[in-house]
Undergrad: 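Just dropping this structure here.
Every chain is numbered from 1 and lettered A, B, ... according to where its sequence line falls, protein lines coming before strand lines.
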Amino acid sequence: MATLHTKNAARAMMAPAVIVLLIWMIVPLAMTLYFSTLNYTLYNPFSTPFVGFENYSYFLTDPTFLAALANTLILVIGVLAITVIGGVLIALLLDQEFYGVNIVRLMVIAPFFVMPTVAALVWKNMMMNPVYGVIGQMLSAIGLTPIDWMTEVPLLSIVIIVAWQWLPFATLILLTALQSLSSDQKEAAEMDGAGALSIFWYITLPHMSRAITVVILIQTIFLLSIYAEILVTTQGGPGAQSTNITYLVAQQATSYGDIGAASAGGIVAVILANIVAIFLVRLIGKNLDA
Amino acid sequence: MGQIHLEKVRKAFGDVVIIPDLDLKIEDGEFVVFVGPSGCGKSTLLRLIAGLEDVTDGQIVIDGQDATELPPAKRGLAMVFQSYALYPHMSVRKNIAFPLKMAGMDKAEIDKRVDYAAKTLNLDAYIDRRPANLSGGQRQRVAIGRAIVREPKAFLFDEPLSNLDAALRVGMRLEISELHQRLKTTMIYVTHDQVEAMTMADKIVVLRAGNIEQVGSPLELYSHPRNTFVAGFIGSPKMNLLGGAEAEKYQAETIGIRPEHVRLSTTEGSWKGTVKVSEHLGSDTFLHVESPVHDEPLTVRADGEFPVHAGDVVYLTPEEDKIHRFDGEGLAMKTNSRAVA
Amino acid sequence: MGQIHLEKVRKAFGDVVIIPDLDLKIEDGEFVVFVGPSGCGKSTLLRLIAGLEDVTDGQIVIDGQDATELPPAKRGLAMVFQSYALYPHMSVRKNIAFPLKMAGMDKAEIDKRVDYAAKTLNLDAYIDRRPANLSGGQRQRVAIGRAIVREPKAFLFDEPLSNLDAALRVGMRLEISELHQRLKTTMIYVTHDQVEAMTMADKIVVLRAGNIEQVGSPLELYSHPRNTFVAGFIGSPKMNLLGGAEAEKYQAETIGIRPEHVRLSTTEGSWKGTVKVSEHLGSDTFLHVESPVHDEPLTVRADGEFPVHAGDVVYLTPEEDKIHRFDGEGLAMKTNSRAVA
Amino acid sequence: MARKVTTGRKIGTTIFAWFVGLVIFFPILWTFLTSFKTELQAISIPPVFVGFDWTLENYRTIQTQSNYFHFMANSIYLSLGSTALGLIFAIPAAWAMAFSPTRRTKDVLLWMLSTKMLPAVGVLIPIYLLFVRFGLLDSRLGLIVVLFLINLPILVWMLYTYFKEIPGEILEAARMDGASLSKEITQVLAPMAVPGIASTVLLNVILSWNEAFWTLNLTTSNAAPLTAFIASFSSPQGNFYAKLSAASMLAIAPILIVGWFSQKQLVRGLTFGAVK
Amino acid sequence: QTTLTIGTVNNSDMIRMQGLTPEFEKQHPDIKVNWVTLEENILRQRVTTDIATGGGQFDIMTIGTYEVPIWAKQGWLKPLDGLGDNYDMDDLIPAIRSALSSDGKLYAAPFYAESVLTLYRKDLFEKAGLTMPDKPTWDFIAEAAEKVTDKDAGVYGICLRGKPGWGENMAFLGNMAREFGANYFDADWKPQFESEGWKKAVSLYVDLMTKYGPPGAASNGFNENLQLFGQGKCGMWMDASVAASFVTDPKQSQVPDKVGFAAAPCGTENCPNDGFNWLWAWSLAIPDSSKKADAAQTFISWATSKEYLDLVASKEGWANVPPGTRTSLYKNSKYTEAAPFADATLNAIQHANPEPTADKPYYGLQFAAIPEFQGLGTAVGQQMAAALSGSTSVDQALKQSQAIATREMTRGGYIKN
Ligand SMILES: Nc1ncnc2c1ncn2[C@@H]1O[C@H](COP(=O)(O)OP(=O)(O)OP(=O)(O)O)[C@@H](O)[C@H]1O
Ligand SMILES: Nc1ncnc2c1ncn2[C@@H]1O[C@H](COP(=O)(O)OP(=O)(O)OP(=O)(O)O)[C@@H](O)[C@H]1O
Ligand SMILES: [Mg+2]
Ligand SMILES: [Mg+2]
């Protein structure tokens, strides 16, 4: 597979994708970097004096910045935990023999097709509303006080909504992984005297580790930039309890109209994302030989 | 101990009967080889014994105790899979230790046994590697290691060498034979390799479509095949089976003569023929000879180099006393009577 | 035409030199087999000839024309891959027609050629099936069909039979040999199967670590191995190689004797030994005998059944004129002189 | 496969699995039911499940208020357009990565994925300004390009992992058979990878369909897809649960149905080479 | 033919207007109207981005009294000087007209306007033996809230906005703080959140809502409260005057005939504007970038005219005409009969005066018409919601708010240091 000819061809074939992505990354990034040094607000776009690092110090000293950072991590980790653990369990369930397995499968994967905004609207209004929401009404029906999700546990609410959307994704990948486990290995373990739990722990779970890594990688990419769900439900509040970095940046742009600060925030977010990326690459390096 | 008796064992997948009523006694310490064409039920039978499949009917008795309903783990058998089924995420040590860990054995004892097994199988040097970093032969040994640490009542092997290359296969074959001599544990071994079956077995079980065609020692099967199926199946290259006039000479429906039991000459003999293909291995020469006595070419083996080539005329003389006679149903006939001709 | 000359061909992957300076002349119409241990560079060499890899240095001359820089498609060679590399989404017909279509041949001519190839290879019945619905042997034939329709200058085969089971392998081996006899096209064939190499080749090229150890006809290699490596590599079971006192008797550093060239007796002979393992195939008996003359067991073959078993004492007598002598560098020595003793 | 599952156990599993499935599916089911209620029934306490007067009123209202089919057509254009464009770029790139890998292939792949980590809002204004400059605002073309770019990394990765499964020997065989590079890709690789490409297409269509940031910010009406449609029903003044439900159902129904019908494909492709 | 693209919020009056466009197109066959209806937040984000970057996507934008002065000052809006002779600009309620004008030129035409009202349940008041005064005080409200509350029956004494946002809870709280005599900023643009008035207002608000409010009040906005009130779960509700038409509509409400209307409550002796500290008008404006300004003016003229009111009345009944923009509407007996809340609404709007005063440097009542207010107000709103949900104390929330606001105002260059 490796003559000079094919190597050159390969380079040429890769070039278009790499180039467009490079442009897509560099042009806005350069503009963002440039804007991040200007005092540029949407309400006065004509006078944009150069202010150096002021936007950065403004963004980084934002009293909600640290909270947003923490929330971002909680959001990502929380959703990952729910989807991976839930995904494994549901995958195990779907791998069993039972009546209507196909229908249950369809029901389980359905949330994956729902737009994030719709998911957030439906959950916020029809599930989690303390008075009209189904959850609230069910709690009332059994004599409990309904939880006011969006104010009492705003971050958890968002984690739940996002996890609901991503659970099918995790489930599908993990199910495929599960089904690809050779029956030989399970049988060998059975012959070796392992019970169902031991088989799961020593054989099945390690077998799925690669799939789990992929789930983590892909989801992290999407979870770092959660925005619509927050906008629709809590708008980052109460206080900054459910503000993540992305939302914080968005707020600079949309509610303050402060493009300078938003750009600085964007750059900060890119740096943070890259730190996460490096971490992820470390994590998956051995598990994902590309 | 490792006595395994199958009594009227029957296995059907849905409506398809794979094994119809099979009886088989395997005595303690025997090396039993199952052979048979692909799909005849060898693996299924092994899996029934292991407990990885339920029998549809009948009983499996291990050491005098009914094991039909026992789960695999409780039968005290160890299995070596064709794919080896090593645990890819565990080191060699952990792989071998796994059954012991599952049995709840204490750490020190496990280590002792694993080390011993590893030494026996020459695996010490690789003990911390993962299976992915081992060669085929080494993997095979790990699979065996995992089986022997448990000191099982019997070993079950399902075509354990079929994934190895020819040279390695010879080596591993000898290793398994030696292992059997050393451990004296019952072994049940599935293969479709002639040489393995002949060289390793104390007892060969020839299966066809779930039925036992013949059970016996390798040489018994070689010298006295019970029917044409076994005759054709055991021995390589295959026995030449002739019908028609030649068979009638021997008052049989079919006669069989092995390639190594035909004398070759370029000048004279019973059957005249033309060489279609000649294969010169140095140590042997195989000739595929077209002859009026049979519509398919006859295979003949000569020791050493026999310098004939495609198109040459040769004469073949079967060794009279090595001729096998079969009746209309393909069953072997008692004595090898001389040709009347 | 199909003359292929490799001149000072060198191949390195990065810093690792796989093939250091190799010269080889393959004449038109020859059936050349490359053998050698795994990883020695057989496939690499074949791929260099095919143009699927660039040479690091040197020239590949096909029919007198420098092809070193030509892309695979322009070299006029056809390759049959180990995995067959059939196009799974195309029918047998389309698979075979593909190279012709790529060459821009017109429809009618393509059909004619494909039909002819399919008939030749007995593929007519499957012509509209997809590869997935074919057996291993049939797939193999399709791969060959795809190669022959192009009427290439030479065929390249990379272990084409290694994915088939033993029985099928024998059949396909014969088919390829016949094909060669019929087409008389140059064929280069990679294998690690002794029997294939010996039976099919006009000329065997033995490779070790990218170097040619010996080139010659199968019987030449069998009878006159140039060195201990070739001696040990050609022939199955392997030649016994002995050093020390026994070798000195023959004024050599090492002597070699093939298992089939040792006479066996239970009563008398040159070397006394104990049977370690005995393998009774019916047609042959292989003994692994431990003897003071050598620290590893000696392998001996007896024709037919030789009724000894592990632990029995046997006597071995090498056939004097079949003894190979090697010097300190492992090179064969001219004449087989008698033992002095 | 090996041994029998007892009927009792199977029934137990069935009940439990259905329960889990229904819990997960419930929000969608509830939305579906609500979309057929009147506004007052939609917020009635206790909630009614099926015993209400099913009405199509909400759907009718929605259709008179905004032209659903216009939005849907745009969603289709955008998701298919960006996917088609994506394939044109991704297939060659994935071919190169899978069949002529270098030491940097993995880095390039991860770099591509990392471009997806840019927070979109951070670059909204730059992109908006560029769109103004090039007159791409509210044009399908502009959005197709943006959606194509944001999904390209995923596309390349999926195809790459899929192509890697295809034995290189087959492509070499094609090369020996005289196929040019473009024939090698279009006549051998692509047809063989059809299942993989199909699932890639499917995932990309879903992601594009559901993309709600750029589609909202860069369109006005001509190119506005269903995400904009939903934005006009998400919390108007007054009671809106029933109408919101109906609009939600309309927005997700096409992709949900497509997804359900082709879930096998989706599952196969989604694994991103996670499963060997 | 000209096609106008109109960006608008998805409020019911606008949707009704959208439904009536064919009438307009019939009258003006050369003009086609293309509606872009979006949820309020998204619309605001879209139009702001568009107008600030000169995107030119819209010919008419629906904006409020907050944006008009700011955008007019930037020169982003076209003055509406071609509305036609029949338009009768003098008929616009003066407070509204002044809120939408800059330097005497009208920059946006009001489509509907609102102030704040106290809505209450007459039946529950009767049962509790209470009478709602014309001008209630917060003391009375607190007392009434306590008496009306009956949590077992699912009735909460008072419903107020809690959802964070400058146009959500801050609209109400800004208003309430003013009723206690406090502003957002002092004459030097120093934020005033730690002043007495704010403390009193917010403490009372949190206190009332915790004791007598519905669950989840911190996420209740206009709609949630409307639902609650419509289902008879609220004793009182102070909110935008448009609420009146919804709660009296039998299709949307289960208590259409049990609602009473009163002025917004007062916290201090002489509260400014008689407590009516809220003025909002959704208005139609033309961005300077529009190339179809003439057609756009034609449309605006139609949509905000008296004739349009008649048209709605003829199709949907008088109760449904967009309120609060024209004096003549409130002189129309057909309207006042059909809309029991008409007087209260007019009264509220007429009393709301958004002009700057000596101690209030900004334009606007429940908001300050400066660009920074949107972000600042929302951030402060988040603090208030946090206080309401109990995750922080009122003092702490106000202190935080003060800090946030000071930071923003300093960055905006209002506060010099
Ligand atoms: N789970 C199953 N369900 C249905 N049929 C099965 C199942 N397992 C095996 N069979 C069938 O039973 C028959 C015997 O299969 P088995 O694997 O035992 O053959 P085998 O002798 O091991 O063949 P091979 O030499 O190819 O391994 C085959 O026809 C096979 O198709
Ligand atoms: N693309 C490559 N990059 C680096 N090393 C390679 C590459 N391809 C082959 N090699 C190395 O070159 C050597 C020769 O490989 P080759 O495949 O030619 O061996 P072979 O003789 O065909 O072996 P086998 O009998 O196992 O097929 C091996 O050591 C192999 O690891
Ligand atoms: Mg089998
Ligand atoms: Mg090779």
Undergrad: Heavy-atom cut-off 4.5 Å, strictly under: side chain, backbone, both or neither for B:K238 against chain C?
TA: neither
Undergrad: Is any NZ, NE, NH1 or NH2 atom of the basic residue among B:K276 and C:E178 found under 4.0 Å from an Asp or Glu carboxylate oxygen of the other?
TA: yes
Undergrad: Using a strict 4.0 Å threshold on nitrogen-to-oxygen distance, state whether C:E196 and C:R173 make a salt bridge.
TA: no
Undergrad: Between C:L221, C:L174, C:V170, which residue shows the highest count of heavy-atom pairs closer than 4.5 Å to chain B?
TA: C:L174
Undergrad: Which region of B:L281, side chain (C-beta onward) or backbone (N, CA, C, O), has a non-hydrogen atom less than 4.5 Å from a non-hydrogen atom of chain C, or is it both or neither?
TA: both
Undergrad: Parallel, tilted or perpendicular: which one describes the rings of B:H180 and B:F31, with boundaries at 30° and 60°?
TA: perpendicular
Undergrad: Parallel, tilted or perpendicular: which fits the ring planes of B:H261 and B:Y222, with parallel below 30° and perpendicular above 60°?
TA: perpendicular
Undergrad: If I compare all heavy atoms of B:Y84 with all of B:G136, which pair ends up nearest, and what's the gap?
TA: CE1-O, 3.8 Å
Undergrad: Salt bridge (Lys or Arg N to Asp or Glu O under 4.0 Å), that's the test. Do C:R141 and C:E175 meet it? Break it down for me.
TA: CA-CA 9 Å; C:R141 283 203 286 262; C:E175 282 187 31; 3.0 Å; yes
Undergrad: With only heavy atoms counted, which part of B:E260 is less than 4.5 Å from chain C, the side chain, the backbone, both or neither?
TA: side chain
Undergrad: Give a yes or no on whether C:Y126 atom OH has more than 12 heavy-atom contacts from other residues, nucleotides or ligands under 6.0 Å away.
TA: no
Undergrad: How long is the gap from CD1 on B:I257 to CG on B:N240, to the nearest 0.5 Å?
TA: 8.0 Å
Undergrad: Tell me the residues of residues 283-290 of chain C whose non-hydrogen atoms fall below 4.5 Å from those of chain B, in number order.
TA: C:S283, C:D284, C:H288
Undergrad: C:V277 versus chain B, heavy atoms under 4.5 Å apart: side chain, backbone, both or neither?
TA: side chain
